[in-house]
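Here is the structure we will look at.
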Amino acid sequence: MNQFLAIVIDGVIYSSWLFIIAVGLTLIYGVMKILNVAHGSLYALGAYAATAFGGYWLAQGYPPMGSYGMLVLAAIFVGLVAGPLIERGLLRLVYGKEEVVLVLVTYAVFLILEDLTKLAFGVDPLSIPEPYGLLGSFEIGELMYPTYSLVLVLLSGFVAIALTLILGRTRQGKVLQAVIHDREMAAGVGINVSRVYLITFTVGVMLAALGGALTAPTISVQPGIAAEVIVLAFAVVVIGGLGSLGGAALGAVIVGMVRAWAVHKWPEVELFSVYAVMALVLIMRPKGLFAAPEARKI
Amino acid sequence: MLVGTLVVLLVAGPLLPRWAMFMLNVSLSWGTVVLGMMLLMRTGLVSFGQGLYYCLGAYAAGTLHHFYGIADILLMLLASLVLAGAGAFVLGFLLAKYRDIFFAMLSLAFSMILFGLLVKTSALGSTDGFGLSAKTLAGIPLGDWERNALYCTTVVVAFCAAFGIHRYLSSHQGRLAGAIRDNELRVEYMGASVRRVIHVNYVISAALSVVGGGLVGITIGHVDPEMAFWTTSGEFVFIAILAGTGSVLAPFLGATIFETVRSFAYEYSPNTWQLILGVTMLLVIMFLPGGLWSVFTRKRAA
């Protein structure tokens, strides 16, 4: 029973993390039909920016609680700089090409960002452990968990609810849905599609960076994290159905629970299990669990 | 032209300094893998999981040497070919139904499954992998000639692959590949089975990757799970884009350029290597959609 509880709690924590890193990817795909391979690099950028911002804050001797603000600020900063830069500078030039070509373009961006991060932050591992330990820990039964994980879970829930509300209840959200549904018609009724794309991409980048910034305190930030994270994020969004918000949440829960189960019961298949589930779902439902059926076009 | 290249490569290779021959050896093996990639691209499919077969080929060769003491180049290649051919035949049934990014994603998932398995299998060296080497070629002991023999095998294999694919592409079935990329539905209307063509092409491309992987494994003398990681597959995609799909020689040209630049970049500027790759890739996609090879053909047309 205790182990079951541990699996569920670990699964929830891992799922929340997965949701945060994957939701930006699905948002960008949903609106722009771009499977952004560079998402992982933007996650890494967020993590690096978090060590820089947070490190600066702590080095100045400001109250350590403020370092949480710096993590979020780092994510917003990365989003505002990298988002418009990539969208305006590059993606705008390739809209309308085949989806596979767009994947290759963002793969090129991934390669470029990999090295730019190395040039900017060096190749040695960086860390910012303070925010992780600051909140102490709490107990569930006999199990101890860091409070930081709880914050992660809550934040992930907050992101999910906020995005759902924005999409469904606000004018901007409705505009976005119109663009998703039919780009040309949306432009026809006077929606500034180009601006919608810019904002969507920037928000997507911000979410990727937020995932990185929130993860930074728990890991050592070093080259290679981008490549690991992006395939996980792929697995999550592909399982749920590309472009679906609910799908990303479901995908995160499935992957999170499967991995937590594997870690406890059968550690040898931990890494393998995630991709096995991904392959299995793709085989059963080629477009993911939540994807709507599409008309065949000639 | 093909025969001329073969003769030049066979004669010139052993005369080259050791490092250059090694580099050429790896390039040709990679070229063989990319040739398979090219065949898929001609069919309109981009696989982000070619590393699956590349890695399988290398591990099959390595396992033979490591556990069974068999160190014959031909036997190693043959074993990997049989193993992965069977695998590709089975997976082909599934993958032939997928297109676009879903094909890319599912092939990626399969290669990551292999990666995940290998990383956790301590009998196969986990993340470190293990070493291997070749001692005989078709039963003939090689002794000091190991490098040269390996090189010549690679050249012959690469030549046969290129020639075979060249013939295949001008056959009835081969020509369907381009037609499928252009308009799948019309191909179906004309009575050809799109799924079967994709299946066959997938198995061929897997076979080429496997052989290339086996050759690289023996040449480098080491295999590790990184070979199945998606970034390795990404490099194959990169070379295929860089080289273009215009000719069966393009992948080999692309792979040689790639290997050469990589070797020097690692030496002089290890932290900007991927930056160069990324920028090159963007430039090629934007300004040279047919890849480097299209430079030659464009000139000829003009």
Side-chain angles (χ1 to χ4, degrees), chain A residues 29 33-35 37-38 90 93-94 97-105 107-119 122-123 223-224 226-228 230-232 234-235 237-239 242 267-283 286-288 296-298, chain B residues 41 44-46 48-49 91 94-95 97-122 181 183-186 189 225 229-231 234-235 237-238 240-241 269-286 289:
Chain A
Y29 182 84
K33 295 285 172 283
I34 294 177
L35 187 60
V37 183
L90 179 67
L93 306 174
V94 292
K97 293 201 191 230
E98 286 169 59
E99 278 180 31
V100 171
V101 177
L102 294 176
V103 170
L104 298 175
V105 168
Y107 174 57
V109 176
F110 164 83
L111 291 172
I112 294 170
L113 285 179
E114 277 290 275
D115 273 359
L116 286 184
T117 356
K118 278 188 211 156
L119 290 176
V123 289
E228 284 163 27
I230 186 61
V231 276
L232 273 179
F234 277 166
V237 297
V238 164
I239 287 174
L242 275 162
E268 290 82 15
V269 302
E270 179 210 327
L271 204 57
F272 151 85
S273 61
V274 173
Y275 303 103
V277 172
M278 174 181 174
L280 212 63
V281 169
L282 272 176
I283 291 167
K287 304 235 154 144
R296 198 173 180 188
K297 284 179 188 160
I298 298 178
Chain B
M41 280 192 174
L45 299 166
V46 175
F48 261 93
L91 289 188
L94 292 168
L95 278 160
K97 286 187 266 178
Y98 294 76
R99 304 289 181 273
D100 294 331
I101 48 173
F102 295 97
F103 183 86
M105 285 294 108
L106 189 57
S107 54
L108 178 125
F110 284 134
S111 81
M112 288 304 291
I113 286 178
L114 180 67
F115 174 77
L117 279 177
L118 289 176
V119 163
K120 294 280 177 178
T121 312
S122 48
R181 177 163 76 173
N183 195 323
E184 206 176 287
L185 215 51
R186 285 189 188 161
Y189 284 161
F229 198 58
W230 73 272
T231 47
E235 286 177 349
V237 174
F238 173 83
I241 301 274
S269 162
N271 290 336
T272 53
W273 153 241
Q274 298 189 75
L275 186 71
I276 302 169
L277 282 191
V279 173
T280 314
M281 186 151 162
L282 283 182
L283 290 177
V284 170
I285 293 175
M286 301 267 209

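The model shown is predicted, which means the values in this text are computed figures rather than measured ones.
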What is the distance from atom [atom1] of [X] to atom [atom2] of [Y], rounded to the nearest 0.5 Å?
{"X": "I285(B)", "Y": "L90(A)", "atom1": "CD1", "atom2": "CG", "answer": "9.0 Å"}
{"X": "T231(B)", "Y": "E114(A)", "atom1": "OG1", "atom2": "CD", "answer": "9.0 Å"}
{"X": "F110(B)", "Y": "I283(A)", "atom1": "CZ", "atom2": "CD1", "answer": "4.0 Å"}

[X] versus chain B, heavy atoms under 4.5 Å apart: side chain, backbone, both or neither?
{"X": "L102(A)", "answer": "neither"}
{"X": "V274(A)", "answer": "neither"}
{"X": "L113(A)", "answer": "neither"}
{"X": "L119(A)", "answer": "side chain"}
{"X": "V105(A)", "answer": "both"}
{"X": "L35(A)", "answer": "side chain"}

Side-chain contact test, heavy atoms from C-beta onward, threshold under 4.5 Å: evaluate it for [X] versus [Y] and give yes or no.
{"X": "M278(A)", "Y": "M112(B)", "result": "no"}
{"X": "V94(A)", "Y": "M286(B)", "result": "yes"}
{"X": "M105(B)", "Y": "V103(A)", "result": "no"}
{"X": "M281(B)", "Y": "I112(A)", "result": "no"}

| chain A interface, residue from T272(B), V237(B), L275(B), L108(B) that has the most non-hydrogen pairs under 4.5 Å |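 Among T272(B), V237(B), L275(B), L108(B), the one with the most close pairs to chain A is L275(B).
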| If you count heavy-atom pairs under 4.5 Å between each of I241(B), V46(B), L106(B) and chain A, which one has the most? |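 Heavy-atom pairs under 4.5 Å are most numerous for L106(B).
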| How far apart are the closest heavy atoms of A227(A) and F229(B), and which atoms are they? | CB-CE2, 3.8 Å
| query | Do you know which of V238(A), L116(A), V101(A), V231(A) has the most heavy-atom pairs under 4.5 Å to chain B? | reply |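 Top option by heavy-atom pairs under 4.5 Å: V231(A).
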| field | Backbone of D115(A) reached by a side-chain donor or acceptor of W273(B) within 3.5 Å | value |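 Here the side-chain-to-backbone pair does not exist.
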| said: Please classify the contact of L117(B) with chain A as side chain, backbone, both or neither, using a heavy-atom distance under 4.5 Å. | reply: both
| message | Less than 4.5 Å to any heavy atom of chain A: does that hold for the side chain of V279(B), its backbone, both, or neither? | response |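 Backbone plus side chain of V279(B), per the 4.5 Å heavy-atom cut-off to chain A.
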| request: Hey, can you tell me if Y107(A) and F48(B) have their rings parallel, tilted or perpendicular (30° and 60° cut-offs)? | output: perpendicular
